[in-house]
Amino acid sequence: MTAKPPAPADFIRARVAADVAAGANGGRVATRFPPEPNGYLHIGHAKSIVLNFGIAAEYGGTCNLRFDDTNPLTEDPEYVAAIEEDVRWLGYDWGEREYFASDYFGRLYECAEELVRRGLAYVDDSTEAEIQELRGTVSEPGRASRFRERSAEENLDLFRRMRAGELPDGACVLRAKVDLAAANMKMRDPVIYRIRHAHHYRSGDEWPIYPMYDFAHPLSDAFERITHSLCTLEFENNREIYDWLVESLGFDDPRPRQIEFARLNLSYTVLSKRRLLELVRGRHVAGWDDPRMPTLSGLRRRGVTPEAIRDFCATIGVAKANSLVDVAQLEHSVRNDLNFRAPRVMAVLDPLKVTIANFPDGEEEWIDAPYWPHDVGKEGSRPVPFSRTLWIERDDFRLEPPKGFHRLSPGAEVRLRYAYFLRCEEAVTDPATGEVVELVCTIDPATRGGSAPDGRRVRGTIHWVSAAHAVPVEARLYDRLFLAEDPGAAEDWLSLLNPESLVVRGGGWAEPSLAGAEPGACFQLERLGYFVVDRDSATNGRLVLDRTVTLRDTWAKIAGRNDDETRSEGRFVDLGREAAAVGAAEAAEEPPPDRPAIPRDPFAGLSPDARAAAEEYRELGLSADDARVIAADPATAGFFDGARREHANPRAIAAWLVNELPPHAAGRPLAELPFGPAELAELVALVDDGTISGKTAKDLLAELARRGGSPRALVAERGLEQLSDATAVATAVSNVLGRHSDEVARYRAGETRLLGFFVGQVMQATGGRANPRLVNELLRDRLAG
Ligand code: ATP
Ligand code: MG
């Protein structure tokens, strides 16, 4: 008896299977992934990649990687390289089949000429607004432009003049002559070519005209003999023109078919390259690969693996109706994957000192601790040192424990993971602040390994690190980038950014087995989450760990989900049912702090005092975001107030304080920094009066955060002043313009984009010291003449 093959997983595979069974295209399956190189790939693209490459593999077919690069204004080779890297990283290989729509410009042009010769396309001199107006509405048919009945000869002549570059941008367009009465607006003589005197990153200045998506895409598919052209639902109405073109131009056998599926939308995330670019350009994140970004490079840096992403894509499936997928589903795939990949180790991120009074000073004990819990079924362990002074998590101790708190408090006993029972004998407080600075404890030597011979029980188990052996770590705790479930739907989506999407804990300690861990290595820090070693470890002087994902879904409560399965995760579930139950109970008693709802009021949740301060800062011209962040914390507000009194540019000071300083402060409170508000004010003043560049100021800020000092003195000492002397800068400008006469000509011919290029050259020639404002002025001046 032969087993029936499994049913296709989705409607697209069902269609492909049916086509193959019917012998369509000779049984051949050819798909393509067609990104436009105008940004980095995101997790939505992963859905498309997994689908296209997956189907090709399942049906013995091929999948092309095609750069859909027909818009010269937004595309860039940097993006091409990044896209290639990401597709490869995700686990797919296009072999020799890498194509560029720009390589087809010649063939596409031929196709357009053919349409013109056959009376199926015409040159229209109407303005964009006129074309729009004449197109009609859903209830009214379109009307013919007065140029619609031009003869084929006249159209050919005009189209050739467009191609020859004789006509300026916007003078006319080439339109397909289809059907002005069509119900589908896309069929009402769509524009297929427009004039753009623009430099293309691959074809250079060869083409003054560029094809539109609706023309280039179907024909590129046809040239590559694609059989199944998969795209997202927004293109449903484009299918008719797709078919019209492919048929009109005789690509009938075999011919590609467009099939639409629902794009991936993810909650608490924006998935559009335009928006992601805005996040990068507006410095709301540190770059395309910021670990909070939904880009593949961001996810990779955050420690998410290709396997987890592919698993996620498999779970969400492919459907024909748009929906919003819960980001918790992605996190679930990530946890499942890391559970079998990340060895368990211990680190303390917010350390409180414990001295064990009955453990001799200078002695140490090495405990063999397993890397894996039982249910993972993997072998392996490492030695963990135990000594008289330990670090534990500050949060694991309460002077006055609330009901149900099973961790450490005066007189209480807990289990130290893999070691002993520990009793707190005394909490030492700083008399000045009342803050607990140290715990004096004792261990019960008979409990080594975690249980007491007398059957006595403890309910809590905490992690720890031996202070003498610990390696310093900086932990970067990431959370969702947005507070709202569907930020993309809001007009003012940037105001929905989560101000706590990154919290840096700069003063942590890890067990010594982590020393020298390579970037990309992943761990589960027990009870804290899954982490990955960041590449910044190389330059940071200590191990930098990015939190990939928490151990359980801390957002479930807000969303109304509250299943026990996720809640008990990560609480030493491998210690057996008892401990797991304790963990679950504890978790239930100490729910994560509520997240603010969508903040319509930007200062919602602030205390009355803080709100008053925030409102005052708004008056000074600060953005609502900056005002809130600064006002919310009295120490930050004090620092800000100090600085703005020294130098009257509150907006700039706020920007430096909110955006630039935190990475250097690395979790230290402002009061502990080796410099104060006056120095920050001085730094900003130096930038404002043009003495130093923003870039130099950033370097100085890093130095201030490390060692303190006076910005003005440092600038003088090192000769960091910008070249603001107009004569010196003018010489550099002349030299650059002299060396690049081609670019000068192009600029003067209208390619004003090149200004950036010239600025860059002058900056380079002056070792980065020229005042960019002055450079800009001088360049504009000289280039205009
Ligand atoms: P964005 O909307 O993010 O700018 P795009 O569609 O402009 O994306 P392209 O580079 O044109 O980006 O996309 C390449 C392929 O990836 C297309 O086939 C597109 O349909 C697909 N794709 C883009 N975003 C998603 C998504 N969110 N879910 C599924 N597929 C997507
Ligand atoms: Mg697109």
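Source: prediction; values computed, not measured. Atoms within a ligand are numbered from 1 in the order they appear, just like the ligands themselves.
Near Pro35, with a cut-off below 4.0 Å to any heavy atom, the atoms of ligand 1 are 10 (O), 14 (C). Here is the list of ligand 1 atoms found below 4.0 Å of a heavy atom in Pro34: 14 (C), 18 (O). Close contacts of ligand 1 with Leu264, meaning ligand atoms under 4.0 Å from a residue heavy atom, involve 26 (C), 27 (N), 28 (N), 29 (C).
Between Arg300 and Glu85 there is a salt bridge, since at least one side-chain N of the basic residue sits less than 4.0 Å from a carboxylate O of the acidic one. Ion pair Arg480/Glu485 not flagged as a salt bridge, since none of the NZ, NE, NH1 or NH2 atoms sits closer than 4.0 Å to an Asp/Glu carboxylate oxygen. Between Arg476 and Asp290, no side-chain nitrogen of the basic residue sits less than 4.0 Å from a carboxylate oxygen of the acidic one, so the salt-bridge criterion is not met.
Between Tyr79 and Thr74, the shortest heavy-atom distance links the atoms CE1-O, 4.1 Å.
Here the side chain of Asn52 pairs a donor or acceptor atom with the backbone of Ser48 at under 3.5 angstrom. Although no hydrogens or angles enter the test, the distance criterion places no donor-acceptor pair under 3.5 Å between the side chain of Ser501 and the main chain of Pro499.
Among residue pairs with one or both ends in residues 204-215, those qualifying as salt bridge (Lys or Arg N to Asp or Glu O under 4.0 Å) are Asp205-Arg746; sequence neighbours excluded.
For Asp124, the salt bridge (Lys or Arg N to Asp or Glu O under 4.0 Å) partners two or more places apart in sequence, or in a different chain, are Arg175.
Taking distance alone, with nitrogen or oxygen atoms compared against 3.5 Å, His45 approaches ligand 1 more closely than that limit. Remark: ligand 1 and Lys273 share an N or O pair separated by less than 3.5 Å (distance only, no angle test). Among the atoms of Asn38, none of the N or O lies under 3.5 angstrom from an N or O of ligand 1. Remark: ligand 1 and Phe261 share no N or O pair separated by less than 3.5 Å (distance only, no angle test). Where the criterion is an N or O separation shorter than 3.5 Å, residue side chain and backbone included, Thr232 meets it with respect to ligand 1.
Heavy-atom proximity to atom 30 (N) of ligand 1, evaluated over Gly39, Gly44, Ser229, is greatest for Gly44.
Heavy atoms of Phe33 found under 4.0 angstrom from ligand 1 belong exclusively to the side chain.
Under a 4.0 angstrom heavy-atom cut-off, His42 registers as being in contact with ligand 1.
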